[in-house]
Amino acid sequence: MTLAMLALTILQQTAPRAAPAPAPPAARDSGTGRPCQVVIDTVGHSGRQVEVRRGETNLFAGGGVRAHCQGTGSTLSADSLAWFAGVGRLDLLGHVQLHDTAISIDATTASYFLRQERLEAHKNVVAVSHPTESVLRGPNLTYYRVARGIRDTAEMYATTRPTIDYRATPDSGEPYVIVADRVRTKGSDRMWAGGSVTIDRSDLAAQADSLTRDETAGLAVLIGKPQVRGQGARSYRLIGRRIEFTLQQHEVRLIKALGAGEATGADWRLTADTIHLALGTRKLQQVFAWGASSRPRALSSQHTIEADSLVLDAPDEVLTAARAYRNARSTSKRDTSAAAEQNWIAGDTITAHWIQKDLDRLVARGSARAFTHLRNQRDSTAPPSLNYSRGAVIDIAMKGDHIDRVMVTGKADGMQFEPLPRPPSHDTTKSAKPKGSR
């Protein structure tokens with residue numbers, strides 16, 4: 001009896017069916033839920049059958065085996081094949097390949113459990129999702145195929161730190177590289193990852209204990225010591241108890257730190273209960289912060305601003321302005337020394353402007369107050385005068401590290417304290433004449 005006839009006889013007695021001669025698979029959609037009935041197309045070298053019990057015969061074939069799922073576009077190939085009729089399991093050994101409309105899988109070995117429509121692949125696994133062209137690489141993968149009456153959405157599960165080049169769509173450009181101890185996907189738009197998760201792309205890097213991503217909902221969540229870093233020329237870093245990504249057209253548009261938020265840029269540091277980073281063109285553009293248990297506080301090298309809520313304008317990751325709302329207060333050192341005394345300004349709102357990393361202007365509105373050190377314009381070595389002002393609006397102009405002028409409008413009042421004049425200097429270089437000298 002020829003091998004083709006053996007295959008036909010054995011597989012007709014069990015779940016899969018076999019064809020006596022090679023035939024091209026029907027090019028139909030295998031994602032519609034049709035159960036896989038294996039049809040063996042070719043066997044390259046040898047095969048044998050083993051009758052385990054009456055009506056149950058196992059099949060073994062080698063030398064290169066090709067098969068397909070009847071009535072679908074799904075194909076299977078391997079160096080050798082073993083069919084165990086009692087459990088409905090097809091083992092594939094050596095250069096395993098599975099292709100259908102949903103996914104392509106390459107591996108060294110695999111087992112296909114036909115009754116559960118489950119494929120378990122091992123060693124050098126590479127899986128390509130056709131809807132998105134995302135690629136998974138790892139030592140093992142379990143693929144749950146769509147089948148009517150079993151499941152309506154394809155799923156994958158991989159362990160032992162697989163690497164995923166994740167794309168939301170084939171044309172979404174540079175992928176996110178996701179690595180985790182274990183990863184599960186459902187369809188092409190949902191993913192769960194756990195255990196030392198890392199996410200990397202040229203503009204963004206993140207890490208956490210776990211990741212949830214839902215493209216349909218436009219949301220990704222990092223939990224467990226999460227942190228995000230911008231990787232541009234002027235990088236930023238965000239940490240919090242929980243970090244969420246808002247996705248629009250598959251791009252990250254908003255990053256939220258919820259609880260114990262801390263954001264750090266090249267020129268500033270911000271702490272608050274809640275911090276939102278708004279992104280555009282894959283760069284940080286704006287920062288929002290608020291919170292009840294921890295008032296937002298923004299610090300630059302010499303200046304601090306705090307209020308009930310803060311907005312930082314940072315187009316293309318360059319800090320240009322800050323706006324503080326409700327019970328706002330800003331402090332700054334009057335010079336660069338560590339023990340320098342502080343200037344401060346307060347009001348209902350404060351607006352600060354930076355030019356090329358230097359604070360240029362501070363404006364307080366609504367019950368504005370300010371305490372400032374004003375240097376002597378005529379004598380730079382003289383001690384500064386002290387000024388306390390109140391008004392509807394206080395506008396402070398900066399010049400380098402020093403206050404250049406203070407403008408107060410609207411029911412203005414205050415006090416000015418001038419330093420005491422210096423005592424006349426005594427010339428101690430002249431030596432006293434000795435007694436008795438003329």
Side-chain angles (χ1 to χ4, degrees), residues 230 232-236 238 261-272 275-281 283-290 295-336 340-375 377 384 387-410 412 414:
R234 300 174 66 85
S235 63
Y236 61 87
L238 179 67
E262 180 180 323
T264 306
D267 308 317
W268 51 271
R269 177 175 172 267
L270 173 65
T271 58
I275 299 176
H276 288 190
L277 306 184
L279 277 64
T281 63
K283 291 183 178 181
L284 179 64
Q285 305 294 334
Q286 206 166 33
V287 182
F288 305 87
W290 66 91
R295 272 168 47 95
R297 193 166 185 243
L299 301 88
S300 63
S301 58
Q302 285 186 259
H303 308 282
T304 301
I305 300 178
E306 59 181 311
D308 289 356
S309 60
L310 287 175
V311 179
L312 307 182
D313 295 330
D316 292 336
E317 300 173 358
V318 177
L319 180 63
T320 60
R323 297 186 297 281
Y325 300 98
R326 293 183 62 84
N327 303 312
R329 181 182 176 89
S330 175
T331 61
S332 60
K333 296 180 180 180
R334 71 179 183 88
D335 57 41
T336 57
E341 296 175 325
Q342 288 188 334
N343 300 304
W344 60 264
I345 184 171
D348 291 342
T349 64
I350 292 177
T351 304
H353 299 274
W354 279 264
I355 297 178
Q356 296 180 350
K357 299 184 182 181
D358 294 325
L359 182 62
D360 179 66
R361 190 179 173 199
L362 279 166
V363 180
R365 292 182 172 85
S367 301
R369 292 96 58 205
F371 178 76
T372 56
H373 296 73
L374 301 175
R375 61 180 176 174
Q377 299 290 340
N387 179 272
Y388 175 74
S389 301
R390 295 186 303 184
V393 178
I394 298 179
D395 189 336
I396 297 178
M398 304 294 296
K399 192 171 185 179
D401 295 333
H402 301 279
I403 293 175
D404 186 49
R405 60 175 175 79
V406 178
M407 297 286 294
V408 184
T409 57

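Positions are given from 1, in the same order as the sequence printed here.
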Taking the side chain as everything from C-beta on, heavy atoms only, tell me whether N327 gets closer than 4.5 Å to R295. yes
When every non-hydrogen atom of A324 is compared with those of L310, the smallest separation belongs to CB-CD2, 3.3 Å
Side chain proximity check, Q286 to L312, heavy atoms < 4.5 angstrom: no
R326 bridged to D348 by N-O distance under 4.0 Å: no
V393 side chain near V408 side chain, heavy-atom distance below 4.5 Å: no
Taking side chain as C-beta onward, heavy atoms only, is T304 less than 4.5 Å from R297? yes
Can you see which heavy atom on A289 is nearest to which on L270, and at what distance? CB-CD2, 3.7 Å
Taking all non-hydrogen atoms of both residues into account, name the closest pair between A278 and F288 and its distance. CB-CE1, 4.2 Å
Separation of M398 CE from H303 NE2 (nearest 0.5 Å): 5.0 Å
Just wondering, do T349 and R323 contact through their side chains at under 4.5 Å, heavy atoms? no
D313 side chain reached by L319 side chain, heavy atoms, under 4.5 Å: no
Which atom of P315 lies closest to which atom of T320, heavy atoms considered: CD-OG1, 3.6 Å
Exercise: identify the closest heavy-atom pair between G261 and I275: C-CD1, 3.5 Å
Other residues, nucleotides and ligands only: do more than 12 of their heavy atoms fall within 6.0 Å of CZ on R390? no
So NE2 of H373 and OG of S332: to nearest 0.5 Å the spacing works out to 10.0 Å
Using the side chain to side chain contact (heavy atoms under 4.5 Å, CB included) rule, take W268 and V287 through it: C-alpha gap first, then chi angles, then the decisive distance, then the call. CA-CA 11 Å; W268 51 271; V287 182; 4.0 Å; yes
Heavy-atom check, side chain of N343 versus side chain of I403, under 4.5 Å: yes
Determine, stepwise, if the pair Q356 / W354 fulfils side chain to side chain contact (heavy atoms under 4.5 Å, CB included). CA-CA 6 Å; Q356 296 180 350; W354 279 264; over 6 Å; no
Nearest 0.5 Å please: distance from the CG atom of L277 over to the CD atom of E317. 10.0 Å
For Y325 and V311: C-alpha separation, side-chain torsions, deciding distance, then whether side chain to side chain contact (heavy atoms under 4.5 Å, CB included) applies. CA-CA 9 Å; Y325 300 98; V311 179; 4.1 Å; yes
Rounded distance [0.5 Å steps], NZ in K283 versus OG in S235: 12.5 Å
In Å, rounded to the nearest 0.5 Å, how long is the span from CZ of R405 to NZ of K399? 11.5 Å
Looking only at heavy atoms, which two atoms of Y388 and R369 are closest? And how far apart? OH-CG, 3.7 Å
Q285 side chain reached by D316 side chain, heavy atoms, under 4.5 Å: yes
Please walk me through it: do F371 and Q342 pass side chain to side chain contact (heavy atoms under 4.5 Å, CB included)? CA-CA 8 Å; F371 178 76; Q342 288 188 334; over 6 Å; no
Which donor-acceptor pairs under 3.5 Å do side chains of residues 357-367 form with protein atoms, sequence neighbours excluded?
| from | atom 1 | to | atom 2 | distance (Å) |
| --- | --- | --- | --- | --- |
| R361 | NE | D395 | OD1 | 3.1 |
| R361 | NE | D395 | OD2 | 3.0 |
| R361 | NH2 | D395 | OD2 | 2.5 |

